[in-house]
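Okay, so here's the structure we're looking at.
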Amino acid sequence: VIEHLLVVVVLSCFVYLLLVNGLALVFVLIGAVENNVRKHEEDSADYATLGASRFTIPVSIIVAAYNEATVIESTMSSFLGFDYPEFEVIVVNDGSSDDTLEVLCEAFELAPYEVFVRHIFPTQPVRALYRSARYPNLVVVDKENGGKADSWNAALNVARFRYVCGVDADTVFDPKALLKVMRFPMNDPARVVGVTSQIATAKEPEHVLAMPVGQRRVEGGLLAIYQHLDFLRAFLNNRLAWSKFGFMMCSPGGFQIWRRDVLEEVGGYSTAFTCEDIELTFRVHEKFRRERRDYVIHCLPDSVGVTEGPDNISKLVSQRERWQRVINETVVHYRRMWFNPHYGSVGMVGAPFYLFTEVLSPFVELLALGSLVVAVALGLFELDVFLVVLAAMAFTNAALTAGAILLDDVQSRLYRVRDLVRLLLLSPLDLILYRPIITWARMKGTWGYLRGDKSWYRFDRNVRAET
Amino acid sequence: LKDDDQEIAAAALRTLGDIGDDWSIELLVDALRLGLGPRSRAASELEQLAPAPGPRLVPLLRDWNPAVRFWGATLLGPYPGLAESTLIDLTWDSDPNVRAAAVETLGSRSGSAVGAALLARLDDSEWFVRVHAARAAGHVLGAEAAPTTTRLLADERWWVRTAAKDALRAMGTDAIPSLLSVLGHEDAFTRNGAAEVLQDIGFVDFLVLDDPASPLLARIYAAGGERLRQAAEARMENVAATEGVRAA
């Protein structure tokens, strides 16, 4: 009986693997076509004209900062350095217990001012507002702690422009980032409600972004490299294809542009979930599809910025565990969309894809691991077969990763050849060196979700070398 | 230009902008008129080619299509003196977007006829026309527009109140008499807005330094609330700490 059960389990896992990898392959192929189209558009984009035009749509950049004293000055300089005709930066100090506010006050010569703003979204009490003597387009809101969603809602209450760009306080950007993504709303403001673009990860984002195009290095140890590959796969293997077919299911919190009226319509960022980015994207889809409205949420392949990635396994597990919890919360919350033709491609592909590849995968992985242990215990385990299957999986995975590296290089030509080769050589080992950590984090996240955990384990900022 | 894909049409517009000769200007104006490609992109290209397209833009003001009249009026911003009377006529256009564009363009001009047209639009039925009118009237008329602009601090629309605050802030000390006159206004938005502008133009800080016991300062605090007072006192603490700055 156990043998038969094992056969069923193994076959189920194998079918699951085939389906997931098959779908991933389809997405890569679609992503490649989409990447090519975007590359041609990028080549014909006229940033000089857009950057000088008064018809370029102004943007409010909103930043939530909680205990970011070590990075806030450099990342703020990145936000204020955007090459864009008109924008404002609204930073919300979310009741930091470190010197975030003091660093901001000193670096940007802030002084307290009373500003009477709209209270469209309820938030934790605002303690004070500050303006900068050096940057007229900088506003700092000091409020009591309420989390990132609450902070972004507080920023929305102050924001003045039609488009809002939510960014993480630990991310630094290419000065052209806003121009690159805002050309889509500018060309089709009635339909484009949201845009995001690829962001990379590094231990020290400022250092990486400062390297010239074509000479950029993939810095750090194996952990940094595998996170980099993970981000590449997420953006280029998945989101380009999702974007193409209208089910771009996650505008990441590191860089997301939304039309302000849409945010007001859907009620702003939700504080009821562990994290706010994926939930908001699902909510916008749910509303617009239910009301049969014409809309677009784009994801672009351009690498527009670099965010800080965890520099040790413990931090990485904390981060990914949180991500898993919010994915579970969101996908289950919007279960009415699963396989519901009323929601079009979102209901038939997007939401089920998340269900199978993100929510259920920890269970499948646990099942596979369990069956392996049982097989060993019963003496049914054939090492040769196992190694062949493992090698096949590793190289399938590596092929998908190579696809992402190729798409990124075609799009941006950012990295040195030797770094690209290093990435390609390391990609088959992803399954052994990196995937077990992520699987563990996802299992922890799923367990946390089942226990109703909504906490935010914020990892400490990486220690930076002097630059 | 006629491609269904907006990105391709946008690339064609960009190429015409790069060429920039008479022929391409004519095509860009046609694209704007006929809606070939995104009109905002055609407008961006035409604007960067200024002053060459100027005379070709004037006929757009009389087009049957309000979207074309809108872009015609908007693009005439950098051409002082061109088609002024037509622009004044357009401040009465049936389409509010056209009225807003005409008002915005007239905001960069001068003269009594322009000023009168702008003051009339401060009472427009559409809120976004009032937004443009508040800013434009401030530019053209300065202190003369302060009393009417101050009245907009009580507007039902937040955007109009914000535009009125921006306009009054830009007037600087010229706006002080009007702002002081509404500190006791029955509408809280008006009181708050007036106190906020007085703070922003430095009048509150001046009073705190010059005469902290001034009844006028007390009135501003009463209108702006406790946090306005706290913010002013916090700023002054910093100033007091740097004696040189205080003297300056």
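Below, chain A is the first sequence line, B the second, and so on; all start at residue 1.
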* State whether the number of non-hydrogen atoms from other residues, nucleotides or ligands found under 6.0 Å of B:H139 atom NE2 is greater than 12. => no

* **Backbone of A:L300 reached by a side-chain donor or acceptor of A:S197 within 3.5 Å** => yes

* Asked: Of the backbone (N, CA, C, O) and the side chain (C-beta and beyond), which part of B:A10 lies under 4.5 Å from a heavy atom of chain A, both, or neither?
  -> side chain

* Asked: Going by an N to O cut-off under 4.0 Å, is there a salt bridge joining A:R413 and A:D408?
  -> no

* Asked: Where on A:I57 is there a heavy atom nearer than 4.5 Å to chain B: the side chain, the backbone, both, or neither?
  -> neither

* To do: Side chain from CB out, backbone as N, CA, C, O: work out which of these in A:R127 comes under 4.5 Å of a heavy atom of chain B, or both, or neither.
  => backbone

* Asked: Most heavy-atom pairs under 4.5 angstrom with chain B, which of A:D188, A:L129, A:V126?
  -> A:V126

* Asked: Is the closest side-chain donor-acceptor distance between A:Q124 and A:D150 under 3.5 Å?
  -> no

* Is there a donor-acceptor pair closer than 3.5 Å between any side-chain N or O of B:N192 and the backbone N or O of B:A223? -> yes

* Structure fact -> One option among B:Q48, B:R161, B:Q230 has the most heavy-atom pairs under 4.5 Å with chain A, and it is B:Q48

* Structure fact -> Looking only at B:S44, B:A11, B:S40, most heavy-atom pairs under 4.5 Å shared with chain A are made by B:S44

* Report yes or no: is the cationic atom of B:R130 (NZ for Lys, CZ for Arg) closer than 6.0 Å to the six-membered ring centre of B:W159, at no more than 45° off its axis? => no

* Under 4.5 Å from any heavy atom of chain A - which part of B:E47 -> side chain

* Interface moiety of B:D5 toward chain A, non-hydrogen atoms closer than 4.5 Å -> neither

* Give the intermediate values and the outcome of salt bridge (Lys or Arg N to Asp or Glu O under 4.0 Å) for residues B:R99 and B:E126. => CA-CA 10 Å; B:R99 296 202 295 276; B:E126 284 294 338; 5.5 Å; no

* Can you tell which of B:G224, B:G37, B:G17 has the highest number of heavy-atom pairs within less than 4.5 Å of chain A? -> B:G224

* To do: With a 4.5 Å cut-off on heavy-atom pairs, point out which of B:E45, B:Q199, B:R41, B:K165 contacts chain A the most.
  => B:Q199

* **Region of B:T15 that comes under 4.5 Å of a non-hydrogen atom in chain A** => neither

* **Side chain, backbone, both or neither of B:L75 within contact of chain A (heavy atoms, under 4.5 Å)** => both

* Asked: Any side-chain heavy atom of A:S251 within less than 4.5 Å of one from A:W258?
  -> yes

* If you tally heavy-atom pairs under 4.5 Å against chain B, which of A:H40, A:R183, A:R160, A:M186 wins? -> A:R160

* To do: Side chain from CB out, backbone as N, CA, C, O: work out which of these in A:V37 comes under 4.5 Å of a heavy atom of chain B, or both, or neither.
  => neither

* Given the rule in the ring-ring contact (aromatic ring centres under 6.0 Å, His included) test, do B:W71 and A:F55 qualify, once you have shown the distances and angles that lead to the verdict? -> CA-CA 11 Å; B:W71 281 113; A:F55 308 130; 5.1 Å; yes

